[in-house]
2 protein chains.
Amino acid sequence: MKKSNDTKANAPTKSRREIKKFWTDEGEQELSETSRKKRAQIIEAALETFLQLGYEGASMNLVAERAGVIKQTIYSHFQDKQSLFREVIASLTVDYVQNALQEPELINKPLPAVLRKIAETILARHQDPRHIRFVRTMIGEAERFPELAKLFTDTTVRPVLSLIVERIKNQTIYKFDDPEAFARVFIGTVVNHCLQQHILHGKELLPFDATRLVDELVAIVELHRVS
Amino acid sequence: MKKSNDTKANAPTKSRREIKKFWTDEGEQELSETSRKKRAQIIEAALETFLQLGYEGASMNLVAERAGVIKQTIYSHFQDKQSLFREVIASLTVDYVQNALQEPELINKPLPAVLRKIAETILARHQDPRHIRFVRTMIGEAERFPELAKLFTDTTVRPVLSLIVERIKNQTIYKFDDPEAFARVFIGTVVNHCLQQHILHGKELLPFDATRLVDELVAIVELHRVS
DNA sequence: ATTCTATCATACCGGTCGGTATGGTAAGAT
DNA sequence: ATCTTACCATACCGACCGGTATGATAGAAT
């Protein structure tokens, strides 16, 4: 369909580097300094381009140009456009999660403080235009690249949900009948706010202060305090 | 950028039909039976194709083929690809809203019943694969076509929010300090559930029963009952 | 009977796509 | 000094893109 040239349609091929790695014996030989630099340039340019134009909209020519690299260099590091996209988006996904809720300082704070912290983290992240584009791309390409959506779910959605559930269960001041459901109410509200405000341009059309939302959520938590 | 051939780059042109309309005198002459039929075929095929492949991914050739029509016929009804996309997505947007919450039967029901009904409506709508694709497309193309996101906000998001707010204010059984914030908690939760379950494939990876969510939300409402 | 309109079929346009081929250059390893 | 490696520049490939041109056909309106 369309413009996809399946010159290499079948028989999974490997990028040049992978082929080399295959039959020079196992050495793991780390790429040379400059080679790793080129690779980093490619990844950076690819990220920028894919997040801006989407998978179909981005062209390898543009990526090469932005990376300051010749197209062949890309194809010696990555098998094809799909591989590049997958690799780049996947690594961004895990990058995001790894600098996230690793803050151990909130370990024994009261539940509302923990929830506020989580909400703040999500909200702050959506101040970064790149993260907004990341979310849009993730959603927009979720059908073409379901593995990426799964990765996102595994590394981001599930952990934050279980974190909340765990915190709810590990305290006795507030009582919830269905902690998992409440966790979803909480992050659903925050995430939908980000989506609506930043991606669907609600910020300009139907602006709403996130603080009111978080306050409302915390007020709801307070209603669950055991008498 | 990329493959967009701006053969007609500047000077806004009109589709053939629009030109004709301009200087045959005002008649509004309704298109012939078969002409309207062709047009409907085109719209249907364009919808299917755009929702499936996205704007960049869909090709006019494919749309024509699926519509059982020659490419020129499309270009006599629509100015260009962008116009077709805009028109088709916009009309789907307003279609959706118009068969939605027009049910006047819930006018004087208690608040929980009203909210349940709204949640059910949203959830039911996301059982339709086409609507899921619609939402994904709306989000995915929100940067390229912000007017569509605005239309969606105006016709869908805002009305359903104000409906809830209005209902909250028009009763005295439940007391909310910030009705608007609660409305956003409510629909945020439901919408995010649909997004997570159907678009990000949570249905297969992290399934969750919507009923628990709605029950949780109604339970929260119940906590707001006056004394 | 003639004119007009909307469609058809087919072919074309310039341009971009993803991806490859060829051949050259500079640096580091042997 | 030779070889290898990673890159460069340029040009090419076939396919497909959005969009147009030409000319034929068939139905309805005059």
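This structure is a prediction, so every number in the text was calculated from the model and none was measured. Within every chain, numbering begins at 1; the chains are lettered A, B, ... in the order of the sequence lines, protein sequences first and strands thereafter.
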Give me, pair by pair, the N or O atoms of the protein and of nucleotides 8-11 of chain D that are less than 3.5 Å apart, along with how far apart they are.
residue	atom	partner	partner atom	Å
dC8(D)	OP1	K38(A)	NZ	3.2
dC8(D)	OP2	I70(A)	N	3.2
dC8(D)	OP2	T73(A)	OG1	2.8

What is the distance from [atom1] of [X] to [atom2] of [N], rounded to the nearest Å?
X: K81(B); N: dT20(D); atom1: NZ; atom2: C1'; value: 17 Å
X: E56(B); N: dG18(D); atom1: CD; atom2: P; value: 9 Å
X: L84(B); N: dC17(D); atom1: CG; atom2: C1'; value: 15 Å
X: K37(B); N: dA28(D); atom1: NZ; atom2: P; value: 12 Å
X: Y75(A); N: dA21(C); atom1: OH; atom2: P; value: 13 Å
X: N61(B); N: dG19(D); atom1: CG; atom2: P; value: 11 Å
X: F50(B); N: dC17(D); atom1: CZ; atom2: P; value: 12 Å
X: D80(A); N: dC17(C); atom1: CG; atom2: P; value: 17 Å

Worksheet item: Should S59(A) be listed as having a side-chain N or O under 4.0 Å from OP1 or OP2 of dC17(C)?
Response: yes

Worksheet item: Below 4.0 angstrom from OP1 or OP2 of dC7(D), is there any side-chain N or O of H77(A)?
Response: yes

Worksheet item: Between T49(B) and R66(B), is any side-chain donor less than 3.5 angstrom from a side-chain acceptor?
Response: yes

Worksheet item: With no hydrogens and no angle check, do the side chains of D209(A) and T211(A) hold a donor and an acceptor under 3.5 Å apart?
Response: yes

Worksheet item: Any sub-3.5 Å donor-acceptor pair from H126(A)'s side-chain atoms to I122(A)'s backbone N or O?
Response: yes

Fill in: E141(A) side-chain N/O to G54(A) backbone N/O, donor-acceptor pair under 3.5 Å
no

Fill in: Salt bridge present between E56(A) and R144(A) (N-O < 4.0 angstrom)
yes

Item to complete: Sequence neighbours left out, what pairs pass salt bridge (charged side-chain N to carboxylate O under 4.0 Å, His left out) with at least one residue falling in residues 40-53 of chain A?
Response: E44(A)-R130(A), E48(A)-R130(A)

